[in-house]
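Please read the structure below before turning to the comments.
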Amino acid sequence: MSTLQHQRIAELCEQFRLERIAAEWPPLAQKTIDDTASLGDFLEQLLKLEADSRDERRRQTLLRLSGLPVVKTLEQFDFKFASGAPWAQLQELAGLAYKCAMAGLSVRFITAADMMPQLVAAHRQGELKGYLGRIIHKPRLLVVDEIGYLPFGKEEANLFFPVVARRYESGSLVLTSNLPFTQWSGTFGNDETLTAAMLDRLLYALLLEVRRCNPCSHQCTKRPH
């Protein structure tokens, strides 16, 4: 094959943004010849390489846009040092946001302390609907970290309630906290009614998930009162 033809193929790959094909087709073509494989095999393998490359780029983009801090996996965790860690439970819950991104699903990670001023600012600027749509509703998984690290005022608590209320049936939501539920009202402006309504929705979402994962279960998914 002439140098000019190589150049034309490279230009066409660049035009169609086929980065992996541009890099991999020459050695793969030679391997096809050496293995006396068919042209169909060559084309299939070439397209598979490009598809895998695009999937990986999508995963990395989702991870970059997720807002996740430095990624640390269980494989990096020293269980010999923390021998009392509940291995089975950690395996079940570990890295949900990271695994979602690696599965090609959109993820948004944000701390409660960061979300609250954003909610307040959006509300006061008349942009709350846009903020909720962009940050709250769009991702397949929303993770709000460190509930209770800083207490919320009445306005903040009232603005956070729609976050839970609008996602509990339409999208996955993870809230993390070091506080037991009995202390959550102190976090949300000491409003026990609002806190109870929010926990009600979280419990209902949990029951729906149990029912989805175990359709033969007789658990009732009627919202508790």
- Query: Going through the distances and angles, do Lys48 and Asp52 end up as a side chain to side chain contact (heavy atoms under 4.5 Å, CB included)?
  - Reply: CA-CA 6 Å; Lys48 181 66 165 55; Asp52 290 344; 2.9 Å; yes
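- Summarising the geometry of Pro27 relative to Ala23, their closest heavy-atom pair is CD-O, 4.1 Å, with the distance given to 0.1 Å.
- Here CD1 of Ile135 is found 11.5 Å from CG of Asp114. Values are rounded to the nearest 0.5 Å.
- Leu62 and Leu173 end up in different hydrophobic clusters when Ile, Leu, Val, Met, Phe, Trp and Tyr side chains are linked at under 4.5 Å.
- Within a 6.0 Å radius of CD in Glu192, other residues, nucleotides and ligands contribute 12 heavy atoms or fewer.
- In this structure, the side chains of Leu179 and Ile147 stay at 4.5 Å or more apart for every pair of heavy atoms.
- Remark: Leu150 engages Ala113 in a side chain to side chain contact (heavy atoms under 4.5 Å, CB included) (not counting sequence neighbours).
- Summarising the geometry, atom OG1 belonging to Thr32 is positioned 10.0 Å from atom CG belonging to Leu43; distances are rounded to the nearest 0.5 Å.
- Proximity of Val143 to Leu96: side-chain heavy atoms (C-beta onward) are nowhere separated by under 4.5 Å.
- Between the side chains of Ser53 and Arg57, at least one donor N or O sits under 3.5 Å from an acceptor N or O.
- Hydrophobic clustering keeps Leu141 apart from Leu65 (ILVMFWY residues linked when any side-chain heavy atoms are closer than 4.5 Å, directly or through intermediates).
- Counting heavy atoms of neighbouring residues, nucleotides and ligands inside a 6.0 Å radius, atom CG of Asp34 exceeds 12 of them.
- In the hydrophobic clustering of ILVMFWY residues, with side-chain heavy atoms under 4.5 Å counting as a link, Leu194 and Ile136 come out together.
- Among pairs with a residue in residues 109-161, those fulfilling ring-ring contact (aromatic ring centres under 6.0 Å, His included) read Phe152-Phe188, Phe160-Phe188, at least two apart in sequence or across chains.
- The closest side-chain heavy-atom distance from Thr3 to Gln7 is not below 4.5 Å.
- With rounding to the nearest 0.5 Å, the separation of CG in Leu46 from CG in Asp41 is 12.0 Å.
- The hydrophobic clustering, which links ILVMFWY residues whose side-chain heavy atoms are closer than 4.5 Å, places Leu199 and Val163 together.
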- Please lay out, stage by stage, how Leu202 and Val164 fare under the test side chain to side chain contact (heavy atoms under 4.5 Å, CB included). CA-CA 8 Å; Leu202 291 174; Val164 174; 3.9 Å; yes
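- Of all non-hydrogen atoms in Val107 and Cys100, the two that sit nearest each other are CG2-CB, 3.6 Å.
- Looking at Leu63 and Leu68, their side chains come closer than 4.5 Å, going by heavy atoms from C-beta outward.
- Gln15 and Glu11 are not linked by any side-chain donor-acceptor pair at a separation below 3.5 angstrom, with hydrogens and angles left out of the test.
- Rounded to the nearest 0.5 angstrom, Ile9 CD1 and Leu4 CG are separated by 11.5 Å.
- Atom-to-atom distance recorded for Arg201:CZ and Leu203:CG is 12.0 Å, nearest 0.5 angstrom.
- Val174 and Val144 are members of different hydrophobic clusters when ILVMFWY side chains are connected at heavy-atom separations under 4.5 Å.
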- Query: side chain to side chain contact (heavy atoms under 4.5 Å, CB included) between Trp25 and Leu18: does it pass, once the steps are laid out?
  - Reply: CA-CA 11 Å; Trp25 79 263; Leu18 302 173; over 6 Å; no
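- Atom CZ of residue Arg108 and atom NZ of residue Lys138 lie 10.5 Å apart, to the nearest 0.5 angstrom.
- Residues Arg167 and Pro139 meet the side-chain proximity criterion, which asks for heavy atoms closer than 4.5 Å.
- Pairs engaging residues 145-156 under the salt bridge (Lys or Arg N to Asp or Glu O under 4.0 Å) rule: Arg124-Glu155, Lys154-Asp191 [sequence neighbours left out].
- Contact check on Glu50 versus Arg54 returns a salt bridge, with a Lys/Arg side-chain nitrogen under 4.0 Å from an Asp/Glu carboxylate oxygen.
- Nearest heavy atoms, Cys13 versus Ala22: CB-CB, 3.7 Å.
- Residues Thr195 and Asn190 are not in side-chain contact: their nearest non-hydrogen atoms beyond the backbone lie 4.5 Å or more apart.
- Side-chain contact between Leu159 and Leu128 is present, with at least one heavy-atom pair separated by less than 4.5 Å.
- Arg64 is not listed as a side-chain neighbour of Arg59, based on a closest heavy-atom distance of 4.5 Å or more.
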